[in-house]
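This report refers to the structure that appears directly beneath it.
Everything numeric in this text was worked out from a predicted model, so none of it was measured. All residue numbers in this chain count up from 1 along the given sequence.
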Amino acid sequence: MNTTVSCELHLRLVVSSESSLPVPAGLRYDTADPYAVHATFHTGAEETVEWVFARDLLAEGLHRPTGTGDVRVWPSRSHGQGVVCIALSSPEGEALLEAPARALESFLKRTDAAVPPGTEHRHFDLDTELSHILAENN
């Protein structure tokens with residue numbers, strides 16, 4: 001049986017050192033995909049942007065800078081509050097987001113309760129995943 005953990009939170013899109021914009025976002029963790037956290041960023045009235053992060057990347061980013069390439073994550077402070085900075089890079093552009101550290105930590109604790117770190121392989125059905133990949137290539 002699969003379990004889903006979700007969280008709605010308000011991020012800040014950093015526009016400059018003096019300016020940021022609110023970005024509502026949803027995080028979703030599904031035990032059927034135990035290594036990943038799916039993020040949906042609401043960028044407009046009907047527009048969303050989807051990203052998938054390694055759960056370990058977000059967890060490590062709570063405590064120290066981590067990540068290379070398209071996604072980098074690190075702890076910081078903004079307006080006296082703990083935040084987790086998430087830098088995203090794609091061919092379409094770059095974004096720097098600030099997530100409330102407490103909300104992200106709470107979400108990750110709930111994912112850890114669903115699938116303790118280090119036990120993800122027990123929830124990953126390799127045969128099913130290979131079947132999906134092979135079916136897509138035919």
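Taking all atoms of both residues into account, the shortest heavy-atom contact from Ser89 to Gly69 is CB-O, 4.4 Å. Residues Asn2 and Ala32 share a closest heavy-atom pair of ND2-CB, 3.3 Å. Heavy atoms only, all atoms of each residue included: Arg28 and Thr4 are closest at CG-CG2, 3.6 Å.
Counting heavy atoms from C-beta outward, Arg12 and Val83 have side chains that stay 4.5 Å or more apart. Inter-residue side-chain proximity for Phe53 and Ile86 is flagged as met; some heavy-atom pair is nearer than 4.5 Å. When side chains are defined from C-beta on, Phe41 does not count as touching Leu13, because their heavy atoms never get closer than 4.5 Å. Between Leu27 and Leu104, the closest side-chain pair of non-hydrogen atoms falls below 4.5 Å. Within the 4.5 Å cutoff, the side chain of Leu11 has heavy atoms near those of the Pro100 side chain.
For CZ of Arg110, the number of neighbouring non-hydrogen atoms (other residues, nucleotides, ligands) closer than 6.0 Å is greater than 12.
To the nearest 0.5 Å, atom OG of residue Ser6 and atom NE2 of residue His38 are 12.5 Å apart. If you take NE2 on His10 and NE2 on His42, they are separated by 9.5 Å, rounding to the nearest 0.5 Å. For the atom pair OG (Ser16) and CG (Leu96), the distance works out to 11.0 Å, reported to the nearest 0.5 Å. Taken from CD in Glu60 to CG in Leu62, the straight-line distance is 10.0 Å, to the nearest 0.5 Å. To the nearest 0.5 Å, the span separating CG on Asp33 from CZ on Arg55 amounts to 10.5 Å.
Residue pairs meeting the side chain to side chain donor-acceptor pair (under 3.5 Å) criterion with at least one partner in residues 72-83, sequence neighbours excluded, are Ser78-Glu98.
Looking at Val5, Leu58, Asp30 one by one, the single match for side-chain contact (heavy atoms from CB on, under 4.5 Å) with Thr111 turns out to be Val5. Screening Val71, Asp70, Val49 for a side-chain contact (heavy atoms from CB on, under 4.5 Å) with Leu88, the sole residue that qualifies is Val71.
Clustering ILVMFWY residues whenever any of their side-chain heavy atoms sit less than 4.5 angstrom apart, transitively, puts Leu57 in the very cluster that holds Tyr29.
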